[in-house]
Amino acid sequence: HRDSSRAPDEPPKQRDAEELLRGWALAPTDVSYDPAAPPLAGGAQTDVYRGVWRGSSETLRRGTPIALKVARPASDATRQLFEEFMRRDVRALARCCHPNVVEFFGVCLGSRPTVVMAFAAGGTLRDRVAAALPIEDAVALLTGIARGMSAVHASNVIHLDLKPENVLIADEGGLVPWVTDFGLAASAHVASLSNSAAGRGTHKYKAPELFRSRRQGGALVSRAADIYSFGILAWEVLTGAA
(Lines give C-alpha, C1' and ligand atoms only; values in the text may rest on other atoms or scores of the structure.)
Protein backbone atom coordinates (compact mmCIF):
# COMPACT_ATOMS: atom_id res chain seq x y z
CA HIS A 1 0.00 0.00 0.00
CA ARG A 2 1.97 2.95 -1.29
CA ASP A 3 0.17 6.07 -2.45
CA SER A 4 2.15 7.39 -5.41
CA SER A 5 0.81 10.87 -4.73
CA ARG A 6 2.81 10.80 -1.50
CA ALA A 7 6.08 9.67 -3.05
CA PRO A 8 7.47 12.31 -5.47
CA ASP A 9 9.80 11.22 -8.24
CA GLU A 10 12.85 13.02 -6.90
CA PRO A 11 15.09 11.02 -4.50
CA PRO A 12 14.08 11.45 -0.85
CA LYS A 13 17.62 12.64 -0.07
CA GLN A 14 16.96 15.79 -2.08
CA ARG A 15 13.89 16.71 -0.09
CA ASP A 16 13.67 18.47 3.19
CA ALA A 17 13.44 15.96 6.06
CA GLU A 18 10.27 17.46 7.48
CA GLU A 19 8.66 17.53 4.06
CA LEU A 20 9.49 13.86 3.67
CA LEU A 21 7.64 12.97 6.86
CA ARG A 22 4.69 15.21 6.03
CA GLY A 23 4.45 13.57 2.62
CA TRP A 24 3.79 10.23 4.32
CA ALA A 25 1.70 11.57 7.21
CA LEU A 26 -1.42 9.63 8.19
CA ALA A 27 -4.42 10.97 10.08
CA PRO A 28 -4.55 9.91 13.76
CA THR A 29 -7.85 8.19 13.02
CA ASP A 30 -6.27 5.96 10.35
CA VAL A 31 -4.77 3.64 12.96
CA SER A 32 -5.63 2.39 16.42
CA TYR A 33 -3.82 0.35 19.07
CA ASP A 34 -3.87 -0.22 22.81
CA PRO A 35 -0.86 1.54 24.41
CA ALA A 36 -1.52 -0.38 27.63
CA ALA A 37 -1.06 -3.73 25.89
CA PRO A 38 2.32 -5.48 26.09
CA PRO A 39 4.46 -4.41 23.11
CA LEU A 40 5.48 -6.99 20.52
CA ALA A 41 9.07 -5.76 20.74
CA GLY A 42 11.05 -2.87 22.08
CA GLY A 43 14.24 -0.99 21.35
CA ALA A 44 16.23 1.73 23.02
CA GLN A 45 13.74 4.41 22.04
CA THR A 46 10.67 2.64 20.66
CA ASP A 47 8.05 0.02 21.33
CA VAL A 48 6.31 -1.99 18.60
CA TYR A 49 2.59 -2.65 19.01
CA ARG A 50 0.03 -4.61 17.05
CA GLY A 51 -2.69 -2.27 15.81
CA VAL A 52 -5.56 -2.10 13.35
CA TRP A 53 -6.01 -0.06 10.17
CA ARG A 54 -9.07 2.21 10.46
CA GLY A 55 -8.50 4.50 7.49
CA SER A 56 -9.88 4.64 4.00
CA SER A 57 -7.69 3.00 1.36
CA GLU A 58 -8.15 1.29 -1.99
CA THR A 59 -5.59 -1.39 -1.16
CA LEU A 60 -5.77 -1.77 2.63
CA ARG A 61 -8.97 -3.15 4.10
CA ARG A 62 -10.35 -1.67 7.32
CA GLY A 63 -9.58 -3.94 10.24
CA THR A 64 -6.32 -5.22 8.74
CA PRO A 65 -3.67 -5.88 11.42
CA ILE A 66 -0.73 -3.47 11.27
CA ALA A 67 2.46 -2.89 13.24
CA LEU A 68 3.22 0.46 14.86
CA LYS A 69 6.72 1.49 15.93
CA VAL A 70 5.95 4.11 18.60
CA ALA A 71 8.45 6.50 20.17
CA ARG A 72 8.64 6.34 23.94
CA PRO A 73 8.07 9.59 25.87
CA ALA A 74 11.52 11.14 26.13
CA SER A 75 13.59 14.28 26.49
CA ASP A 76 13.90 16.72 23.60
CA ALA A 77 17.39 15.40 22.79
CA THR A 78 16.25 11.77 22.70
CA ARG A 79 13.18 12.68 20.67
CA GLN A 80 15.38 14.49 18.16
CA LEU A 81 17.56 11.38 17.83
CA PHE A 82 14.50 9.16 17.28
CA GLU A 83 13.20 11.51 14.58
CA GLU A 84 16.57 11.18 12.83
CA PHE A 85 16.22 7.38 12.92
CA MET A 86 12.62 7.67 11.73
CA ARG A 87 13.62 9.81 8.75
CA ARG A 88 16.19 7.18 7.74
CA ASP A 89 13.54 4.48 8.09
CA VAL A 90 11.05 6.41 5.95
CA ARG A 91 13.62 7.33 3.28
CA ALA A 92 14.62 3.69 2.85
CA LEU A 93 11.11 2.24 2.92
CA ALA A 94 9.78 4.90 0.55
CA ARG A 95 12.46 3.94 -1.97
CA CYS A 96 12.18 0.16 -1.80
CA CYS A 97 9.03 -1.81 -2.58
CA HIS A 98 9.73 -5.56 -2.62
CA PRO A 99 8.00 -8.73 -1.32
CA ASN A 100 10.94 -9.30 1.05
CA VAL A 101 11.03 -5.79 2.52
CA VAL A 102 8.41 -4.86 5.11
CA GLU A 103 5.58 -2.82 3.59
CA PHE A 104 5.44 0.77 4.76
CA PHE A 105 2.11 2.60 5.12
CA GLY A 106 3.09 5.98 6.57
CA VAL A 107 3.82 7.90 9.75
CA CYS A 108 1.74 9.46 12.48
CA LEU A 109 3.28 12.71 13.70
CA GLY A 110 2.67 14.28 17.07
CA SER A 111 3.85 13.90 20.64
CA ARG A 112 4.76 10.24 20.02
CA PRO A 113 5.87 9.85 16.38
CA THR A 114 4.92 6.48 14.93
CA VAL A 115 6.00 4.46 11.89
CA VAL A 116 3.15 2.33 10.50
CA MET A 117 4.01 -0.92 8.70
CA ALA A 118 2.60 -4.30 7.75
CA PHE A 119 2.11 -6.78 10.59
CA ALA A 120 4.21 -9.95 10.52
CA ALA A 121 2.28 -12.84 12.04
CA GLY A 122 5.34 -15.08 12.22
CA GLY A 123 7.43 -12.96 14.59
CA THR A 124 11.11 -12.38 13.91
CA LEU A 125 13.88 -14.50 12.46
CA ARG A 126 15.43 -14.58 15.93
CA ASP A 127 12.40 -16.57 17.11
CA ARG A 128 13.02 -19.10 14.32
CA VAL A 129 16.77 -19.36 14.89
CA ALA A 130 16.08 -20.35 18.50
CA ALA A 131 14.52 -23.57 17.17
CA ALA A 132 16.11 -26.13 14.86
CA LEU A 133 15.11 -25.19 11.31
CA PRO A 134 14.80 -27.83 8.59
CA ILE A 135 17.42 -27.13 5.93
CA GLU A 136 14.70 -26.43 3.34
CA ASP A 137 13.19 -23.71 5.55
CA ALA A 138 16.61 -22.24 6.33
CA VAL A 139 17.51 -21.99 2.65
CA ALA A 140 14.11 -20.52 1.76
CA LEU A 141 14.44 -17.85 4.44
CA LEU A 142 18.00 -16.95 3.46
CA THR A 143 17.04 -16.77 -0.20
CA GLY A 144 14.21 -14.36 0.60
CA ILE A 145 16.45 -12.19 2.78
CA ALA A 146 19.09 -12.08 0.03
CA ARG A 147 16.45 -11.00 -2.49
CA GLY A 148 15.18 -8.32 -0.15
CA MET A 149 18.68 -7.00 0.50
CA SER A 150 19.41 -7.02 -3.23
CA ALA A 151 16.37 -4.78 -3.73
CA VAL A 152 17.51 -2.54 -0.87
CA HIS A 153 20.94 -2.15 -2.46
CA ALA A 154 19.38 -1.55 -5.88
CA SER A 155 17.55 1.36 -4.24
CA ASN A 156 20.95 2.80 -3.21
CA VAL A 157 20.38 2.09 0.48
CA ILE A 158 22.85 0.42 2.87
CA HIS A 159 21.03 -1.16 5.82
CA LEU A 160 23.93 -1.24 8.35
CA ASP A 161 21.96 -3.20 10.96
CA LEU A 162 21.01 -6.52 9.37
CA LYS A 163 20.47 -9.16 12.08
CA PRO A 164 17.81 -11.78 12.96
CA GLU A 165 15.86 -9.29 15.10
CA ASN A 166 15.50 -7.05 12.03
CA VAL A 167 13.99 -9.72 9.80
CA LEU A 168 10.25 -10.32 10.23
CA ILE A 169 8.43 -13.48 9.17
CA ALA A 170 5.15 -13.13 7.32
CA ASP A 171 3.50 -16.51 7.90
CA GLU A 172 1.44 -16.36 4.72
CA GLY A 173 1.27 -19.81 3.19
CA GLY A 174 4.98 -20.30 3.84
CA LEU A 175 7.92 -18.61 5.52
CA VAL A 176 8.30 -15.20 3.84
CA PRO A 177 11.02 -12.98 5.37
CA TRP A 178 10.73 -9.18 5.45
CA VAL A 179 13.81 -7.04 6.01
CA THR A 180 12.90 -4.21 8.38
CA ASP A 181 14.29 -1.48 10.68
CA PHE A 182 16.24 0.98 8.54
CA GLY A 183 16.87 3.45 11.37
CA LEU A 184 20.65 3.26 10.85
CA ALA A 185 20.56 3.07 7.04
CA ALA A 186 22.82 5.21 4.89
CA SER A 187 22.82 6.17 1.25
CA ALA A 188 24.98 4.05 -1.04
CA HIS A 189 26.42 7.33 -2.33
CA VAL A 190 28.09 7.96 1.05
CA ALA A 191 31.58 6.45 1.02
CA SER A 192 32.32 6.99 4.69
CA LEU A 193 30.90 8.42 7.89
CA SER A 194 32.81 11.34 9.36
CA ASN A 195 32.21 10.04 12.86
CA SER A 196 33.02 6.50 13.93
CA ALA A 197 30.18 4.06 13.44
CA ALA A 198 31.43 1.79 16.21
CA GLY A 199 28.58 2.89 18.46
CA ARG A 200 25.88 2.17 15.88
CA GLY A 201 24.28 -1.18 15.23
CA THR A 202 25.05 -4.52 16.85
CA HIS A 203 28.77 -5.28 17.12
CA LYS A 204 28.44 -9.00 16.39
CA TYR A 205 27.04 -8.33 12.90
CA LYS A 206 29.15 -5.29 11.98
CA ALA A 207 31.83 -5.47 9.32
CA PRO A 208 35.36 -4.61 10.53
CA GLU A 209 35.55 -1.47 8.35
CA LEU A 210 32.63 0.03 10.28
CA PHE A 211 34.80 0.21 13.41
CA ARG A 212 37.32 2.62 11.92
CA SER A 213 37.90 5.65 14.12
CA ARG A 214 37.80 9.32 13.11
CA ARG A 215 41.58 9.28 13.02
CA GLN A 216 41.44 6.47 10.47
CA GLY A 217 38.98 8.43 8.33
CA GLY A 218 35.72 7.17 9.78
CA ALA A 219 33.65 4.08 9.09
CA LEU A 220 33.68 2.85 5.49
CA VAL A 221 30.13 2.43 4.21
CA SER A 222 29.42 0.07 1.31
CA ARG A 223 27.21 -2.81 0.30
CA ALA A 224 30.01 -5.10 1.49
CA ALA A 225 29.15 -4.18 5.09
CA ASP A 226 25.65 -5.64 4.65
CA ILE A 227 27.06 -8.72 2.93
CA TYR A 228 29.25 -9.32 5.98
CA SER A 229 26.20 -9.03 8.26
CA PHE A 230 24.29 -11.43 6.02
CA GLY A 231 27.12 -13.96 6.33
CA ILE A 232 26.92 -13.91 10.14
CA LEU A 233 23.12 -14.14 9.99
CA ALA A 234 23.26 -17.04 7.52
CA TRP A 235 25.69 -18.95 9.76
CA GLU A 236 23.24 -18.63 12.67
CA VAL A 237 20.26 -19.72 10.58
CA LEU A 238 22.06 -22.76 9.18
CA THR A 239 23.70 -23.90 12.43
CA GLY A 240 21.13 -22.77 15.00
CA ALA A 241 23.95 -21.13 16.96
CA ALA A 242 23.36 -17.65 18.38
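Computation of the quantities below employed the complete heavy-atom set of this structure, encompassing side-chain atoms and omitting hydrogens, waters and symmetry-equivalent molecules. Numbers here simply count residues along the sequence, with the first being 1.
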Novice: Kindly determine whether F104 and V90 satisfy side-chain contact (heavy atoms from CB on, under 4.5 Å), including the steps that lead there.
Specialist: CA-CA 8 Å; F104 169 62; V90 172; 3.9 Å; yes
Novice: One pair to check against side chain to side chain donor-acceptor pair (under 3.5 Å): N156 and R223. What are the steps and the verdict?
Specialist: CA-CA 9 Å; N156 291 318; R223 293 173 174 85; 3.3 Å; yes
Novice: Only pairs at least two apart or in different chains count here, so list each side-chain hydrogen bond (donor to acceptor under 3.5 Å, both in side chains) that has a residue in residues 134-145.
Specialist: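 Found none.
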Novice: For W24 and F105, work out which heavy atoms get closest and say how close.
Specialist: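 What the structure gives for the nearest pair is CE3-O, 4.1 Å.
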Novice: Between E236 (side chain) and L233 (backbone), is there a donor-acceptor pair under 3.5 Å?
Specialist: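 No, because the side chain of E236 does not come within donor-acceptor range (under 3.5 Å) of the backbone of L233.
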Novice: CZ of R147: more than 12 outside heavy atoms within 6.0 angstrom?
Specialist: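 Check fails, neighbour count at 12 or below.
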Novice: State the CZ-OG distance between R91 and S187, to the nearest 0.5 angstrom.
Specialist: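 Reported value, rounded in 0.5 Å steps: 9.5 Å.
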Novice: Distance check, rounded to the nearest 0.5 Å: S222 atom OG versus H153 atom NE2?
Specialist: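 One finds 8.5 Å between OG of S222 and NE2 of H153.
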Novice: If only atom types and distance count, is the side chain of N100 paired as donor or acceptor with the main-chain N or O of P177 below 3.5 Å?
Specialist: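 Indeed, once roles are kept as given, a pair shorter than 3.5 Å links the two residues.
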Novice: If two hydrophobic side chains count as joined below 4.5 Å and joins carry through other members, does V52 share a cluster with I66?
Specialist: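 Hydrophobic grouping puts V52 apart from I66.
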Novice: Members other than Y205 in its cluster, when Ile, Leu, Val, Met, Phe, Trp, Tyr link by side-chain heavy atoms under 4.5 Å?
Specialist: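 Hydrophobic cluster check, Y205: joined to Y228, I232.
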Novice: Got W53 and D30 here, is their nearest side-chain heavy-atom distance under 4.5 Å?
Specialist: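 Touching, per the 4.5 Å side-chain cut-off.
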Novice: What pair of heavy atoms forms the shortest contact from P113 to G110, and how long is it?
Specialist: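 Scanning both residues completely, I find the closest heavy atoms to be CD-O, 3.6 Å.
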Novice: Counting distance only, does the side-chain N/O of R62 pair as donor-acceptor with the main-chain N or O of R54 below 3.5 Å?
Specialist: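 Yes, R62 side chain to R54 backbone: donor-acceptor pair under 3.5 Å.
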Novice: Could you tell me whether the side chain of N166 and the main chain of K163 form a donor-acceptor pair under 3.5 Å?
Specialist: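 The answer is no, because no donor-acceptor pair under 3.5 Å joins these two groups.
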Novice: Measure the acute angle between the ring planes of H203 and F211, then classify it against the limits of 30° and 60° as parallel, tilted or perpendicular.
Specialist: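 It falls in the perpendicular class, over 60°.
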Novice: Do M117 and L109 belong together in a cluster built from hydrophobic side chains that touch within less than 4.5 Å?
Specialist: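 They do share one cluster, since a chain of ILVMFWY contacts under 4.5 Å joins M117 to L109.
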Novice: For a quick test of reading the model, state the closest non-hydrogen atom pair linking L210 to A225 and the distance between them.
Specialist: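 Taking L210 first and A225 second, the nearest heavy atoms are CD1-CB, 4.0 Å.
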Novice: Closer than 3.5 angstrom, by distance alone: can the side chain of D89 be matched with the main-chain N or O of F182 as a donor-acceptor pair?
Specialist: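 Checked: pair present.
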Novice: Give a yes or no on whether the backbone of T180 and the side-chain of H159 come within a donor-acceptor separation of less than 3.5 Å.
Specialist: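 Pair found, side chain donor or acceptor close to backbone of T180.
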Novice: So, using ring-ring contact (aromatic ring centres under 6.0 Å, His included) as the criterion, who are the partners of F230 when residues are at least two apart?
Specialist: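 None.
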Novice: Is there side-chain contact between Y49 and V31, with heavy atoms separated by less than 4.5 Å?
Specialist: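 Heavy-atom side-chain distance check fails, nothing below 4.5 Å.
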Novice: Examine distances only and state if a side-chain atom of S155 and a backbone atom of V157 form a donor-acceptor pair shorter than 3.5 Å.
Specialist: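 Such a contact is absent between S155 side chain and V157 backbone.
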Novice: Please name the pair of heavy atoms, one in G42 and one in D47, separated by the smallest distance, quoted to 0.1 Å.
Specialist: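 Answer, listing the atom of G42 first, then D47: CA-OD1, 3.8 Å.
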Novice: Find out if a path of hydrophobic residues (ILVMFWY) with successive side-chain heavy-atom gaps under 4.5 Å connects L175 to V129.
Specialist: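 Yes, one cluster joins them.
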Novice: Can you measure from CG (D226) to NZ (K206) and round to the nearest 0.5 angstrom?
Specialist: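 If we round to the nearest 0.5 Å, D226:CG and K206:NZ are 11.0 Å apart.
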Novice: Is L238 reachable from I145 through a run of hydrophobic residues whose side-chain heavy atoms are each under 4.5 Å from the next?
Specialist: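 Linked within one cluster.
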Novice: Give a yes or no on whether the backbone of K204 and the side-chain of T202 come within a donor-acceptor separation of less than 3.5 Å.
Specialist: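 Between the backbone of K204 and the side chain of T202 there is no qualifying donor-acceptor contact (under 3.5 Å).
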Novice: State whether the side chain of S57 and the backbone N or O of G55 hold a donor-acceptor pair below 3.5 Å, judged by distance alone.
Specialist: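 Pair absent, no side-chain N/O of S57 close to backbone of G55.
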Novice: Restricting to non-hydrogen atoms, name the atom on V237 and the atom on A138 that form the minimum distance, rounded to 0.1 Å.
Specialist: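 Closest approach of V237 to A138, heavy atoms only: CG1-CB, 3.7 Å.
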Novice: Looking at CZ of F85 and CG of D161, how far apart are the two atoms once the value is rounded to the nearest 0.5 Å?
Specialist: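 Spacing of CZ (F85) from CG (D161) equals 9.5 Å.
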Novice: Is there a path from L162 to W235 through hydrophobic residues (I, L, V, M, F, W, Y) whose side chains come within less than 4.5 Å of each other?
Specialist: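 L162 and W235: separate clusters.
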Novice: Supply the atom-to-atom distance I169 CD1 to R128 CZ, rounded to the nearest 0.5 angstrom.
Specialist: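 I169 CD1 to R128 CZ: 6.0 Å, rounded to 0.5 Å.
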Novice: What verdict does the salt bridge (Lys or Arg N to Asp or Glu O under 4.0 Å) test give for D181 and K69, after you've listed the backbone C-alpha separation in whole Å, the side-chain angles of each residue and the deciding distance to 0.1 Å?
Specialist: CA-CA 10 Å; D181 204 337; K69 186 191 296 185; 3.5 Å; yes
Novice: How far apart are the closest heavy atoms of Y33 and G51, and which atoms are they?
Specialist: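 That would be CB-CA, 3.9 Å.
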Novice: Rounded to the nearest 0.5 Å, how far apart are CE of M86 and CG of L20?
Specialist: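 With rounding to 0.5 Å, CE (M86) is 9.0 Å from CG (L20).
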